Novice: 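One structure, as structure tokens, below. Some questions next.
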Number of protein chains: 2
Amino acid sequence: MNLTDSIKRTTLHEELVERLRNLVVEDVLKPGEKVPEKQLCDSLGVSRTPLREALKVLASEGFVVLQANRGARVASVTRAELENTFPVLASLEQLVGELACQQMDAVEFQRIESSHKDMLSAYEARDRQAYFKANQDIHQALIQGARNDILENHHKLLAARVRRARFMANLSDERWAQAIDEHEAMMELLKARDADGLGKTMKLHMMNKLSALVKALEAQDETPR
Amino acid sequence: MNLTDSIKRTTLHEELVERLRNLVVEDVLKPGEKVPEKQLCDSLGVSRTPLREALKVLASEGFVVLQANRGARVASVTRAELENTFPVLASLEQLVGELACQQMDAVEFQRIESSHKDMLSAYEARDRQAYFKANQDIHQALIQGARNDILENHHKLLAARVRRARFMANLSDERWAQAIDEHEAMMELLKARDADGLGKTMKLHMMNKLSALVKALEAQDETPR
DNA sequence: AAAGTTAATTATGAATTCATTATTCAGTCA
DNA sequence: TGACTGAATAATGAATTCATAATTAACTTT
């Protein structure tokens, strides 16, 4: 046993921040919805104090919006907000790519290569679930590989915000194919340890994701169900 | 009176987040120091509840560190942390530069030009106080000019963390002169609306700041007082 | 006196209570 | 009927209380 490992003792509010953020990102709590303190307290079995502490944190992270004397609402996912968020996330992705190229070791690289193959299989099978999983694994591994806590934190929050958008529009076949191509390129650049190239490609990958999303949203506007 | 202006009603915890963050950034609360809830409550005239809510937020922002059952401590400013923070901030600065070039209007540009002149005067007079002020104004204006809330938020937090480092080492004459040169270049690029160029220069500006800081810290290590 | 042990004190995390603000809903009047 | 008023209800923000964990202080024991 590693004695330098600090004993994991989590407080209620920390637990709640994670749980509630998840509920928001997973679209269980819907955008614009009020967050009923009492109800949540009852269902989670905690008092209002830690719940409210968690809400303040979530508000600072941008997942809920607080209005004085009117409690908390789940933050809505507007197109304007996405158009602001993606470029920031893309900048961080670029840095992730650069650093990962420089810092990752062989074991990490192999793990990514394995996830990449999983991703390709999932694509062949058109298995969205498995695709998202493998995709997440790759990006997670790249971030770990960058070895930068600050980057990881900020990336995590922005990525979570962006992830909420997946409930707004489906991944189109076209975009899916393009994403696969981009990932192939990323693997090549990573293999070649081309930090600059990987950074630029990852940034572009993110911005293309935004383009596809905007396009999908516009298509929706034209044919409202 | 503008009736569309929403009535500003701030809650205690919001106020406290700002106040406490300031105390940390301004080095009133020293790194590593314990944050005594009771004392702060007394001196600020609030109960523990809103103070503790504020501490949770500050912790998520990285200004304090919470230990279960042992309260909050002011986060220390380590070299490793700075070496992680600066590259992230530099990435965001790059984006700020690119966007500001594209989005700023003539009025904003003139305001920056004016602050830039103030900065040069302060440098001639070797007035550190005035220099920092003008410098802040310029960077603040650029961020506003980028018109991106998300970028502004994340930038604000990282910049605040980095600002704490100024109590670790003084601005050297050499670095000061270099910074002035970089700012001159920035103004030229902004005037020319060279988004790419300004972005790169601002990124470099930030990374050079880190280099100077690290150099100063290393010099300190060699000659400990 | 120094290290170890136990009791007293303090500080913390969380629940509860209290005062105030929003919201709902019944009743009134045009 | 439908907009307005005001009382009743509910929800919120903040203070207080309570249980427990950490720290300090006092006391042994060697």
Side-chain angles (χ1 to χ4, degrees), chain A residues 3-21 23-24 28-76, chain B residues 3-21 23-24 28-76:
Chain A
L3 291 177
T4 65
D5 275 357
S6 58
I7 299 138
K8 169 115 176 279
R9 286 198 314 178
T10 185
T11 55
L12 272 184
H13 104 272
E14 282 179 83
E15 193 74 26
L16 287 172
V17 167
E18 294 296 325
R19 295 274 292 268
L20 291 179
R21 194 198 292 118
L23 292 181
V24 172
V28 178
L29 296 173
K30 308 283 184 189
E33 217 172 65
K34 256 189 39 197
V35 181
E37 294 184 4
K38 185 124 191 343
Q39 232 169 285
L40 270 179
C41 286
D42 290 350
S43 64
L44 293 167
V46 298
S47 78
R48 281 177 59 219
T49 304
L51 182 93
R52 288 169 56 78
E53 287 169 349
L55 286 175
K56 311 296 182 203
V57 173
L58 265 331
S60 88
E61 294 178 349
F63 293 103
V64 304
V65 175
L66 302 180
Q67 290 172 294
N69 295 315
R70 302 179 58 172
R73 285 183 175 281
V74 178
S76 51
Chain B
L3 291 178
T4 63
D5 274 359
S6 58
I7 298 141
K8 176 150 168 243
R9 288 198 314 176
T10 184
T11 55
L12 273 183
H13 104 272
E14 281 179 84
E15 193 74 28
L16 288 172
V17 167
E18 294 296 326
R19 295 274 292 269
L20 292 179
R21 195 197 291 117
L23 291 180
V24 173
V28 178
L29 295 173
K30 308 283 183 188
E33 217 172 65
K34 254 189 44 193
V35 182
E37 294 184 5
K38 184 124 191 341
Q39 235 170 285
L40 271 178
C41 286
D42 290 349
S43 63
L44 294 167
V46 298
S47 77
R48 281 177 61 219
T49 304
L51 182 94
R52 286 168 56 79
E53 287 170 349
L55 286 176
K56 312 296 183 203
V57 173
L58 265 333
S60 88
E61 294 178 349
F63 294 103
V64 304
V65 175
L66 301 180
Q67 292 172 292
N69 295 315
R70 302 181 58 171
R73 284 183 175 279
V74 178
S76 52

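Note that the coordinates shown come from a computational prediction; the quantities given were computed from them, not determined experimentally. Each chain gets a letter, A, B and so on, in the order its sequence line appears, and its residues count up from 1.
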Novice: In whole Å, what is the span from the CG atom of B:Leu40 to the P atom of C:dA11?
Specialist: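 In whole Å, C:dA11 P lies 13 Å from B:Leu40 CG.
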Novice: What's the spacing between B:Arg48 CZ and B:Leu55 CG if we round to 0.5 Å?
Specialist: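 CG of B:Leu55 is found 10.0 Å from CZ of B:Arg48.
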Novice: In whole angstrom, what separates A:Glu15's CD from C:dG13's P?
Specialist: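 In whole Å, C:dG13 P lies 16 Å from A:Glu15 CD.
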Novice: Return the CD to CG distance between A:Gln39 and A:Leu44, rounded to the nearest 0.5 Å.
Specialist: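 Reported value, rounded in 0.5 Å steps: 11.0 Å.
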Novice: Just verifying a value: how many Å separate A:Leu16 CG and A:Leu40 CG, rounded to the nearest 0.5 Å?
Specialist: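 A:Leu16 CG to A:Leu40 CG: 9.0 Å, rounded to 0.5 Å.
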Novice: Tell me: NZ of A:Lys34 to P of C:dA22, nearest whole Å?
Specialist: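 Going from A:Lys34 (NZ) to C:dA22 (P), I get 13 Å.
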Novice: Under 4.5 Å between any side-chain heavy atoms of B:Glu61 and B:Leu58, yes or no?
Specialist: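 They are in side-chain contact.
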Novice: Using 0.5 Å steps for rounding, measure from the OG1 atom of B:Thr49 to the CZ atom of A:Arg52.
Specialist: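 Answer rounded to 0.5 Å: 9.0 Å.
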Novice: Would you say A:Arg70 places a side-chain N or O within less than 4.0 Å of OP1 or OP2 belonging to C:dT23?
Specialist: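 Result: yes.
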Novice: Rounding to an integer number of Å, can you tell me how far B:Asn69 CG sits from D:dT20 P?
Specialist: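 It is 12 Å, rounded to the nearest whole Å.
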Novice: CD of B:Glu14 versus P of D:dG13: gap in Å, rounded?
Specialist: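 Whole-Å distance recorded here is 10 Å.
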Novice: For DNA chain D, just give me the dot-bracket, please: Watson-Crick or G-U, both distances below 3.5 Å, ( ) intra-strand, [ ] crossing earlier pairs, | paired with another strand, . unpaired.
Specialist: ||||||||||||||||||||||||||||||
Novice: Between P on C:dA11 and CZ on B:Arg73, what's the gap in Å once rounded to a whole number?
Specialist: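 Going from B:Arg73 (CZ) to C:dA11 (P), I get 14 Å.
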Novice: Rounded to the nearest 0.5 Å, how far does NZ of A:Lys34 lie from CG of A:Leu29?
Specialist: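 Here the interatomic distance stands at 13.0 Å.
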Novice: Run the salt bridge (Lys or Arg N to Asp or Glu O under 4.0 Å) test on B:Arg21 and B:Glu18 for me, step by step, so that the C-alpha distance in whole Å, both residues' side-chain angles and the decisive distance to 0.1 Å come before the verdict.
Specialist: CA-CA 5 Å; B:Arg21 195 197 291 117; B:Glu18 294 296 326; 3.3 Å; yes
Novice: Name the pairs: protein N/O against N/O of nucleotides 14-18 of chain D, kept only if under 3.5 Å.
Specialist:
unit_1	atom_1	unit_2	atom_2	d
D:dA14	OP1	B:Leu12	N	2.9
D:dA15	OP2	B:Ser47	N	3.0
D:dA15	OP2	B:Ser47	OG	2.3
D:dA15	O5'	B:Ser47	OG	3.2
D:dA15	N7	B:Thr49	OG1	2.8
D:dT16	O4	B:Thr49	OG1	3.2

Novice: Is the shortest side-chain heavy-atom distance between B:Cys41 and B:Lys38 below 4.5 Å?
Specialist: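 A side-chain contact under 4.5 Å is absent here.
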Novice: Separation of B:Leu51 atom CG from C:dG13 atom P, in whole Å?
Specialist: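 Rounding to the nearest Å, CG of B:Leu51 and P of C:dG13 are 11 Å apart.
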Novice: What heavy-atom pair brings B:Lys56 and B:Leu66 nearest, and what distance separates the two atoms?
Specialist: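 The answer is CD-CD1, 3.9 Å.
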Novice: May I have the distance from B:Leu16 (atom CG) to D:dG13 (atom C1'), rounded to whole angstrom?
Specialist: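 That distance rounds to 13 Å.
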